[in-house]
Number of protein chains: 2
Amino acid sequence: MSNKKQQIIEAATKSFSLFGYKATTMDQVAKVANVGKGTIYTFFKSKEELLDEIVSSLIVEMKEAAEEVVDPHLSFFENAHRALYRFLEFRKKHQLLIKLLQEEKEIGTPAVQEVMKRLESTILAYIKQKIEAAIEKGEIKNCNPEITAFLMFKMYIALVFEWEQTHEPLSKEQIAELFELYFLKGLSK
Amino acid sequence: MSNKKQQIIEAATKSFSLFGYKATTMDQVAKVANVGKGTIYTFFKSKEELLDEIVSSLIVEMKEAAEEVVDPHLSFFENAHRALYRFLEFRKKHQLLIKLLQEEKEIGTPAVQEVMKRLESTILAYIKQKIEAAIEKGEIKNCNPEITAFLMFKMYIALVFEWEQTHEPLSKEQIAELFELYFLKGLSK
DNA sequence: ATATTGACCATTTTGTTCATTTAGTCATTT
DNA sequence: AAATGACTAAATGAACAAAATGGTCAATAT
């Protein structure tokens with residue numbers, strides 16, 4: 001990948017993470033990236049496509065990060081735990097996601113809504129597929145994979161992002177523990 | 001309670017449920033309630049207080065509804081299940097909550113944000129207290145009551161309100177079943 | 001030739017003004 | 001004494017002007 005394209009992506013990622021999508025101007029991205037504004041448009045059709053590409057790489061990165069630690073020979077739980085941990089270490093990179101999540105909720109920028117929807121679908125499809133495999137192998141109870149994926153995702157969001165809107169953030173150890181306790185083991189004694 | 005006050009409350013509840021808080025005018029409430037506008041202000045200091053009082057009664061109603069079916073002699077799970085079921089039957093009355101939830105998200109009316117925050121705190125405090133009792137009695141695992149309450153609440157919202165934004169709504173039997181499966185029993189075999 | 005650029009343009013967003021609407025009051029009526 | 005609706009001050013939003021921004025392209029640099 002050309003040097004300039006990379007510079008642009010980095011500048012945009014930084015700006016989006018810091019100010020959000022809407023509040024980031026293309027002039028600003030150009031300036032931070034040390035390129036002329038026109039140059040951006042030789043690599044990206046539009047501001048929206050720039051965001052799209054950044055989020056797409058993020059998705060790829062996340063998938064790779066998950067696959068790195070997931071081992072088909074291990075149990076579903078062990079893999080879920082490892083992947084969860086991996087994501088939690090990611091939180092710094094999550095700065096972008098946090099900002100986009102916030103912008104989606106507070107401003108509702110259409111481009112951001114779309115990209116977040118795509119991100120959510122991708123994640124849900126991925127989890128769903130893992131769950132289906134685990135059911136197939138008889139590792140977990142027979143449950144509706146789609147609803148289960150949906151709830152796992154919501155729970156992750158609640159623990160990682162929503163909790164800290166009114167409380168002290170939870171450490172990644174705490175989150176992993178909680179996730180396991182509530183979702184996998186259940187509260188039953 | 002005076003007849004007129006009741007009329008006003010009913011009219012306002014209906015209007016708020018149908019059009020939301022912001023889009024409901026006091027003239028409209030007066031007309032529907034068949035009273036002069038001034039009359040409203042002999043019972044309520046402001047529009048906001050009118051909403052506050054309506055939501056307060058709703059909270060009381062919900063608490064009563066829960067207490068009706070909760071039996072201290074039964075297990076925490078059985079009671080949780082019963083209360084959940086009771087709430088799900090409430091969904092019609094939830095029309096107001098649905099509208100307010102939507103208004104909070106889409107318009108962000110300050111008065112609505114405040115009242116919803118109060119509602120959430122009340123519910124969380126209530127669940128938390130029940131959880132503490134259950135831990136005390138040794139009925140459930142020793143968990144952080146505040147976080148547990150938070151997650152139960154988020155899960156309820158996710159199942160009842162959020163799921164149906166992209167899928168067919170779940171029946172109350174399904175929801176109760178799911179709630180039990182994921183939260184109480186866990187997916188472990 | 002090819003890559004890069006920033007002045008430029010069309011469109012969107014933001015700021016401002018002003019007429020309309022609405023929450024809340026109070027003198028009058030019931 | 002209770003209820004009312006015309007009235008007022010404040011909030012809202014429609015309409016318009018000004019500023020900002022996304023995207024283009026002829027000119028420039030490599």
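Any value given below was found using the heavy atoms of this structure, including those in side chains, with hydrogens, waters and symmetry copies removed. Numbered from 1 within each chain, the chains take letters A, B, ... in sequence-line order.
By the 30° and 60° cut-offs, the orientation of the rings of B:Phe161 relative to B:Tyr156 is perpendicular.
In this structure, A:Leu51 atom CG and D:dG22 atom C1' are separated by 15 Å, rounded to whole Å. Between the CD atom of B:Gln7 and the C1' atom of D:dT4 there is a distance of 14 Å, given to the nearest Å. Between the NZ atom of A:Lys47 and the P atom of D:dT21 there is a distance of 9 Å, rounded to whole Å. Rounded to whole angstrom, the span from the CG atom of A:Asp27 across to the C1' atom of D:dA19 amounts to 13 Å. A straight line from NZ of A:Lys4 to C1' of C:dT2 spans 14 Å, rounded to a whole angstrom. What separates NZ of A:Lys31 from C1' of C:dT5 is a distance of 15 Å, to the nearest Å. If you measure from atom CD of B:Glu48 to atom P of C:dA23, you get 13 Å, rounded to the nearest angstrom. We find that CE of A:Met26 is positioned 17 Å from C1' of C:dT13, with the value rounded to whole Å.
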Just the table, please: protein N/O against nucleotides 8-13 of chain D N/O, every pair under 3.5 Å.
none

Short N/O separations, protein against nucleotides 28-30 of chain C, under 3.5 angstrom:
none

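Side-chain atoms of B:Glu139 and B:Ser75 include no donor-acceptor pair closer than 3.5 Å. Under the 3.5 Å distance criterion, with hydrogens and angles disregarded, no donor-acceptor pair is assigned to the side chains of B:Ser17 and B:Gln95.
Counting only residues at least two apart or on different chains, no ring pair (Phe, Tyr, Trp, His ring centres under 6.0 Å) pair has a member in residues 112-137 of chain B.
Residues A:Ile131 and A:Cys143 approach most closely at CG2-SG, 4.3 Å, considering heavy atoms.
Scanning residues 33-46 of chain B for heavy-atom distances under 4.0 Å to DNA chain D yields B:Val35, B:Gly36, B:Lys37, B:Gly38, B:Thr39. Heavy-atom distances under 4.0 Å link DNA chain D to no residue of residues 107-116 of chain B.
With a 6.0 Å radius and a threshold of 12 heavy atoms from other residues, nucleotides or ligands, A:Lys137 has its NZ atom above the threshold. Within a 6.0 Å sphere centred on CD of B:Glu177, other residues, nucleotides and ligands contribute 12 heavy atoms or fewer.
Using a 4.0 Å cut-off between a side-chain N of Lys or Arg and a carboxylate O of Asp or Glu, A:Arg118 and A:Asp52 qualify as a salt bridge. Looking at B:Glu53 and B:Lys5, a side-chain N of the basic residue comes within less than 4.0 Å of a carboxylate O on the acidic one, giving a salt bridge. The pair A:Glu103-A:Lys22 fails the salt-bridge criterion, with no side-chain N (NZ, NE, NH1 or NH2) lying under 4.0 Å from an Asp/Glu carboxylate O.
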> Yes or no on ring-ring contact (aromatic ring centres under 6.0 Å, His included) for B:Tyr85 and B:His81, after CA distance, side-chain angles and deciding distance?
Replying inline: CA-CA 6 Å; B:Tyr85 238 80; B:His81 188 264; 5.3 Å; yes
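Between the side chain of B:Lys128 and the backbone N or O of B:Ile147 there is no donor-acceptor pair closer than 3.5 Å.
Through direct or indirect side-chain contacts shorter than 4.5 Å among Ile, Leu, Val, Met, Phe, Trp and Tyr, A:Phe19 is connected to A:Leu18.
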